[in-house]
> 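One structure, as structure tokens, below. Some questions next.
Here is how names work: the chains are called A, B, and so on, in the same order as the sequence lines, proteins then strands, and each is numbered from 1. This is a predicted model, so every value here is computed, not measured. Computation of the quantities below employed the complete heavy-atom set of this structure, encompassing side-chain atoms and omitting hydrogens, waters and symmetry-equivalent molecules.
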Amino acid sequence: MVTEKQAIAPGYCRLSFKAPHIAGTAYPGQFVMVYMNSGYRHLLPRPFSIFTRNRDKEEVSLLFAVKGQGTELMASAEVGSLWKISGPLGSGFPALPEGSLLVAGGIGLAPLAFLAASIEKPRTLIYGARTASQLICPPGVLDLPNLEVIEVTEDGTRGERGTAADLLLGLLPGPPALFACGPGPMLRAVKTLCLHSGTPAWFSVEEKMACGIGACLGCAVQTPKGYSRVCREGPVFSAEEVFNND
Amino acid sequence: MVTEKQAIAPGYCRLSFKAPHIAGTAYPGQFVMVYMNSGYRHLLPRPFSIFTRNRDKEEVSLLFAVKGQGTELMASAEVGSLWKISGPLGSGFPALPEGSLLVAGGIGLAPLAFLAASIEKPRTLIYGARTASQLICPPGVLDLPNLEVIEVTEDGTRGERGTAADLLLGLLPGPPALFACGPGPMLRAVKTLCLHSGTPAWFSVEEKMACGIGACLGCAVQTPKGYSRVCREGPVFSAEEVFNND
Amino acid sequence: MINPGLSVNLGGIELASPLLAASGPFGYGHEYLERIDCSALGGIIVKGISLKPWPGNPPPRLAETASGLLNAIGLQNPGLDHFVKEDLPLLARAEPRLIVNIVGCDIDEYAAVAAGLSGLEGIDGLEVNISCPNLKAGGIAFGTDPAETYKVVGAVRRQTNLPLLVKLSPNVTDITIIARAAEAAGADGLSLINTLSGMLIDIETRKPLLGNIFGGLSGPAVLPVALKMVWQAAEAVKIPLLGMGGITTAEDALQFIMAGARAVAVGTGFFYEPEVISQVKEGLENYLVKHEIKALGKLEGAARKGGIINGAC
Amino acid sequence: MINPGLSVNLGGIELASPLLAASGPFGYGHEYLERIDCSALGGIIVKGISLKPWPGNPPPRLAETASGLLNAIGLQNPGLDHFVKEDLPLLARAEPRLIVNIVGCDIDEYAAVAAGLSGLEGIDGLEVNISCPNLKAGGIAFGTDPAETYKVVGAVRRQTNLPLLVKLSPNVTDITIIARAAEAAGADGLSLINTLSGMLIDIETRKPLLGNIFGGLSGPAVLPVALKMVWQAAEAVKIPLLGMGGITTAEDALQFIMAGARAVAVGTGFFYEPEVISQVKEGLENYLVKHEIKALGKLEGAARKGGIINGAC
Ligand SMILES: Cc1cc2nc3c(=O)[nH]c(=O)nc-3n(C[C@H](O)[C@H](O)[C@H](O)COP(=O)(O)OP(=O)(O)OC[C@H]3O[C@@H](n4cnc5c(N)ncnc54)[C@H](O)[C@@H]3O)c2cc1C
Ligand SMILES: Cc1cc2nc3c(=O)[nH]c(=O)nc-3n(C[C@H](O)[C@H](O)[C@H](O)COP(=O)(O)OP(=O)(O)OC[C@H]3O[C@@H](n4cnc5c(N)ncnc54)[C@H](O)[C@@H]3O)c2cc1C
Ligand SMILES: Cc1cc2nc3c(=O)[nH]c(=O)nc-3n(C[C@H](O)[C@H](O)[C@H](O)COP(=O)(O)O)c2cc1C
Ligand SMILES: Cc1cc2nc3c(=O)[nH]c(=O)nc-3n(C[C@H](O)[C@H](O)[C@H](O)COP(=O)(O)O)c2cc1C
Ligand code: FES
Ligand code: FES
């Protein structure tokens with residue numbers, strides 16, 4: 001059931017769901033499948049990273065961009081309406097060492113916000129987007145103890161000016177580990193910097209999904225060991241595993 | 001736009017639409033096509049006879065039974081919601097001579113209510129159904145000057161006991177003309193009685209439709225002159241034209 | 001006004017717009033022409049015409065399926081003479097180009113219809129529907145056999161100088177073989193796809209839903225199948241293609257163009273949304289403007305040529 | 001408890017329920033078995049197994065279409081040895097019957113896989129997927145040619161006494177010819193349909209959406225096509241049929257049974273609704289009760305036998 005809805009900025013939305021099992025067992029980097037309430041109009045459920053989790057209220061929330069018909073439908077969900085969601089799915093991030101760097105590009109913030117909230121050790125989040133209006137984190141979510149947040153926009157309309165990768169240049173090497181999620185080009189640039197600086201890194205990646213549980217082999221990504229399933233071995237992969245041949 | 005909604009009995013609904021062109025030009029027996037607001041879930045619009053028309057308010061209303069997904073969707077329409085309807089379509093009833101008999105079975109009342117409201121000469125409506133709960137005419141609609149209404153149910157739970165055809169036995173010959181709409185078996189029985197008694201009769205019949213305007217030839221019914229289009233030559237046919245070979 | 005960048009030449013037929021009404025759903029045209037804005041329509045392909053009137057199939061003839069429509073009209077038509085005397089005069093006055101779809105029970109009937117239509121005022125081309133059962137060859141459709149396809153198209157070709165499209169059936173193992181046979185027999189273009197063969201059953205009466213048992217599936221459900229056949233045909237022949245099957249949006253139409261179609265037709269889409277053609281045209285124009293492409297023709301087969309082309313070129 | 005009236009014998013495989021998981025979407029079973037109530041499942045057909053591991057196609061492998069799903073997994077699988085050592089032990093413990101789908105690049109590979117699976121504990125039958133491209137015959141699918149079909153099915157038949165289903169491709173001109181070839185070569189039953197060939201194009205990148213360009217269409221969109229092929233196959237052969245293609249409801253399943261299928265399989269339906277099998281089973285039971293029919297088998301082919309049958313008989 002949808003318990004809360006936050007229309008954040010045009011084209012972005014946050015939905016909270018009552019989901020005791022998911023809220024109770026999920027760890028950062030895992031995702032859920034949201035089933036569309038539309039008959040055959042959308043045969044496939046849509047995957048979304050868990051953005052926040054509240055064990056007491058047995059709730060999880062998702063932060064999403066309206067991309068096509070499915071997310072449009074979700075953005076028009078009413079509080080109290082019943083939506084089927086299944087999860088938690090996939091393999092999340094490994095444990096976060098003190099001093100880690102988290103790098104989020106745009107809507108890629110979702111899994112990293114959950115990761116950031118999972119410990120209280122000092123850690124830094126670089127949160128980048130093209131322009132200020134795409135930095136859409138709802139107020140309060142990133143007000144976490146010992147978390148330093150550095151905002152960066154390509155056009156300089158908020159925070160530093162430049163890309164997340166530009167910023168990283170000045171911060172690497174150093175941090176014991178890096179965790180990132182965002183658009184492909186950003187992750188490719190981050191990967192190059194991490195390999196150069198010898199920083200261990202993990203990325204949350206996306207691929208089209210059908211079953212979400214590892215059965216259909218639909219969500220394959222190429223890794224050095226052959227195809228891996230984003231929904232089962234992933235969505236979190238080490239930097240070495242992904243973005244090798246393109 | 002939906003201007004009014006009347007949930008009449010379980011499984012029956014009346015919707016009123018603001019539709020100046022249709023309200024201005026329709027005559028009894030004509031129908032409209034209602035486009036479903038459901039993407040590809042329902043490719044085809046659904047045909048409905050015009051039940052009432054209000055020229056001043058520029059409104060028409062439809063009376064319908066919930067049969068499948070399309071009529072379910074219509075029954076959940078909200079007042080103020082926008083629905084596309086097109087019409088008026090088809091060839092309606094010929095002019096009603098004084099003393100005519102109108103015979104409606106169940107939801108077949110829709111076109112006959114409009115027909116009954118089109119003149120003020122004395123006329124009689126036989127309104128039949130299996131049981132009282134299927135006599136679902138909204139109050140007031142049949143309170144027309146010089147109209148005699150005879151209700152009949154097969155189980156005798158309201159009005160006379162029997163079928164509309166049983167009742168007709170006592171009324172034919174006599175009336176100058178008969179106009180009927182209802183389930184196939186009823187129309188077949190009525191046809192037999194009219195032919196026997198030499199009473200000219202017209203029936204409003206149904207067939208699956210796609211275009212509704214005579215282009216696709218999808219709504220054919222067999223007549224002695226070959227196939228006719230229910231949406232163009234019909235939906236009103238003379239008794240001689242239909243129900244000949246089955 | 002239609003963007004001049006939308007004009008195309010389909011096998012000798014100059015079309016102001018690449019959007020046509022597919023044969024069948026649009027009937028003989030006047031019903032829709034009276035009711036909707038047809039200014040965006042490049043051409044009308046009228047419902048199949050045979051030599052003598054054909055009665056058509058027993059009802060029911062229609063059934064809705066998931067994102068699709070099953071029909072078994074049975075090629076009901078009033079025959080050549082009636083068409084020429086009654087329907088053609090109404091149509092010849094219309095703005096869009098007129099293409100006549102022709103059908104037959106045997107090769108002679110096809111040839112006779114083609115001959116009867118040749119040289120008439122107002123007809124811009126013929127489309128040969130080879131999905132008809134070949135009564136002299138055991139009832140198997142002409143269009144499922146390359147030799148029969150070659151024969152029937154050749155016979156029509158000898159009767160007419162009109163631009164000749166051949167309408168292919170998708171119910172075949174390899175569409176490229178039939179496409180090549182039609183090209184070799186003198187077709188100026190190919191139309192594809194006709195409907196996929198299908199059926200439904202009413203579980204209450206426990207009988208087939210359609211009077212004819214089998215029918216043809218059309219609409220958005222079949223789009224991926226149609227698109228693949230257009231892609232394959234584009235690799236197999238040099239003559240231009242008219243793509244169709246499930247188109248209701250500009251995005252759908254663009255997929256067909258990028259797969260290799262010169263123009264596209266809409267059938268079932270008219271039932272879903274009678275104003276479909278105006279909407280698709282607007283979407284095409286917006287796409288051209290947004291990507292700074294001067295002529296839609298630049299996009300023909302773009303997806304087979306390696307993806308994004310430079311808008312300016 | 002499954003209504004005993006739902007049990008059927010599919011070519012020698014005794015099924016407590018006529019509902020199977022189609023090969024592919026259900027993987028090697030354990031992912032779903034861990035998560036959903038599978039008590040209504042009569043059997044599981046695992047994803048195609050080849051002799052050596054197959055890598056599969058480059059991503060993207062999936063695209064949603066109107067009421068359909070386009071997939072190009074490319075028959076990725078871990079190969080015979082891995083399946084026997086790692087997957088089979090997990091599956092053999094499961095309640096439903098186990099049928100292994102087998103694939104190959106040539107006839108020898110099919111035969112070798114069949115031989116390797118014969119006599120193993122826990123395998124109740126084989127399903128030969130003849131939609132694979134025949135590399136020795138120019139890449140055309142075995143299942144589009146009756147002679148190749150006969151050869152590959154015969155080769156598998158000689159390797160095994162297990163009940164043998166042959167999975168037919170719908171991308172053919174005449175399914176009855178292939179169905180008869182498979183029957184003649186010794187099949188105990190036929191599964192149909194596999195996916196329809198299709199594609200989509202991304203109009204922004206102007207490239208095919210799938211990494212493999214072409215993919216297979218499944219889901220409710222294809223149901224009418226599948227149903228017609230089951231109907232035709234039922235007229236052509238005597239062996240029982242496993243019907244599939246777009247089933248998500250009991251009404252869908254009943255249509256296949258009434259067209260002539262002995263049992264039905266669900267593939268894409270699991271993505272749409274993981275609990276699909278329980279829902280369909282419940283619907284079937286309700287139908288039998290409502291119409292006072294003792295065994296589902298009474299309805300097999302009912303629509304080909306003239307409609308409503310007497311519930312009592
Ligand atoms: C593990 C995982 C976690 C994700 N987490 C989030 C999240 O937290 N917030 C968020 O906004 N989005 C997230 N996504 C992406 C999200 O699933 C898609 O944006 C969504 O499915 C689009 O659905 P639609 O019906 O609106 O769009 P469609 O009409 O289906 O497609 C619109 C666009 O979205 C892309 N898309 C469709 N399905 C997927 C998919 N499964 N993965 C990636 N791209 C897709 C299409 O290629 C297309 O460009 C995640 C994806 C994955 C795989
Ligand atoms: C000229 C005409 C006038 C009509 N007037 C009325 C009316 O005033 N009130 C009313 O309740 N119904 C009327 N109908 C019937 C109405 O169109 C159908 O009940 C409706 O289309 C069912 O839609 P659905 O999506 O709910 O059902 P579906 O899921 O499409 O089908 C459910 C059942 O309805 C039947 N049905 C579907 N379409 C049609 C159709 N076009 N004609 C007849 N039966 C159909 C199906 O065979 C099936 O048994 C009329 C039909 C015609 C042709
Ligand atoms: C009701 C109907 C009637 C049709 N009649 C014909 C016909 O007479 N001749 C023909 O070549 N195709 C006929 N077709 C096929 C269409 O022209 C078209 O090839 C097919 O429907 C796929 O396109 P669509 O999905 O846009 O409808 C008919 C289709 C429908 C739905
Ligand atoms: C993702 C996916 C993978 C499939 N893999 C196989 C396979 O390995 N072997 C096979 O014979 N069929 C395979 N199929 C086809 C299905 O078994 C089935 O025949 C088809 O999808 C139609 O049924 P459906 O509409 O219920 O999915 C696959 C289908 C899908 C959607
Ligand atoms: S979505 Fe099915 S294996 Fe990943
Ligand atoms: S519905 Fe198209 S001709 Fe009547």
Side-chain angles (χ1 to χ4, degrees), chain C residues 63 65-68 70 140-141 144-145 169-174 196-209 213-215 217 219-232 246 248 250-252 254-259 287 291 299 302-309, chain D residues 63 65-68 70 140-141 144-145 169-174 196-209 213-215 217 219-232 246 248 250-252 254-259 287 291 299 302-309:
Chain C
T65 75
S67 299
L70 203 55
I140 287 180
T144 59
D145 182 275
S169 163
N171 303 300
V172 297
T173 305
D174 185 349
L196 277 169
S197 201
M199 75 178 295
L200 286 177
I201 289 172
D202 181 332
I203 64 163
E204 295 305 329
T205 62
R206 294 176 203 152
K207 283 187 184 162
L209 217 77
I213 304 180
F214 298 158
L217 185 67
V222 309
L223 185 141
V225 175
L227 198 64
K228 186 219 167 190
M229 291 191 167
V230 167
W231 174 288
Q232 289 181 294
T248 67
E251 184 182 342
D252 297 341
L254 283 164
Q255 291 193 66
F256 278 91
I257 302 287
M258 290 177 188
Y287 187 92
H291 295 88
L299 294 174
R304 289 189 301 114
K305 293 168 193 156
I308 293 198
I309 57 161
Chain D
T65 75
S67 297
L70 203 56
I140 286 177
T144 59
D145 183 275
S169 163
N171 303 300
V172 297
T173 305
D174 185 348
L196 278 168
S197 201
M199 75 178 296
L200 286 177
I201 289 171
D202 180 333
I203 64 163
E204 295 304 330
T205 62
R206 293 176 205 154
K207 285 186 184 164
L209 218 75
I213 302 180
F214 298 158
L217 185 67
V222 311
L223 186 142
V225 174
L227 198 64
K228 186 219 168 191
M229 290 191 167
V230 166
W231 174 288
Q232 289 181 296
T248 68
E251 182 181 344
D252 296 341
L254 284 164
Q255 291 192 66
F256 278 91
I257 302 287
M258 292 176 187
Y287 187 92
H291 295 88
L299 294 173
R304 289 189 301 117
K305 293 168 193 154
I308 292 198
I309 58 162

> Quick one: pull up CG in D:L200 and CD in C:E251 and give me the separation to the nearest 0.5 Å.
9.0 Å
> Determine the option with the most heavy-atom pairs under 4.5 angstrom with chain C, choosing from D:P224, D:A226, D:G68.
D:P224
> Not counting sequence neighbours, which residues clear side chain to side chain contact (heavy atoms under 4.5 Å, CB included) with D:V230? List them please.
D:L192, D:L241, D:F256, D:A259, D:A261
> Given that the side chain runs from C-beta out, which part of D:T65 has a heavy atom under 4.5 Å from chain C: side chain, backbone, both or neither?
side chain
> Relative to chain C, which of D:G219, D:P170, D:P208 shows the most heavy atom pairs under 4.5 Å?
D:P208
> For the CD1 atom of D:I257 and the CD1 atom of C:I203, what is their distance to the nearest 0.5 Å?
11.5 Å
> What heavy-atom pair brings C:A221 and D:A221 nearest, and what distance separates the two atoms?
CB-CB, 3.7 Å
> Distance check, rounded to the nearest 0.5 Å: D:K305 atom NZ versus C:R206 atom CZ?
11.5 Å
> Atom NZ in C:K228, atom CG in D:N171: separation rounded to 0.5 Å?
6.0 Å
> When only pairs under 4.5 Å are counted, which of C:L254, C:L223, C:T173, C:L227 shares the most heavy-atom pairs with chain D?
C:T173
> Let me confirm one number: the CH2-CD1 distance from D:W231 to C:I201, rounded to the nearest 0.5 Å.
5.5 Å
> Are C:V225 and D:L217 close enough that some pair of their side-chain heavy atoms sits under 4.5 Å apart?
yes
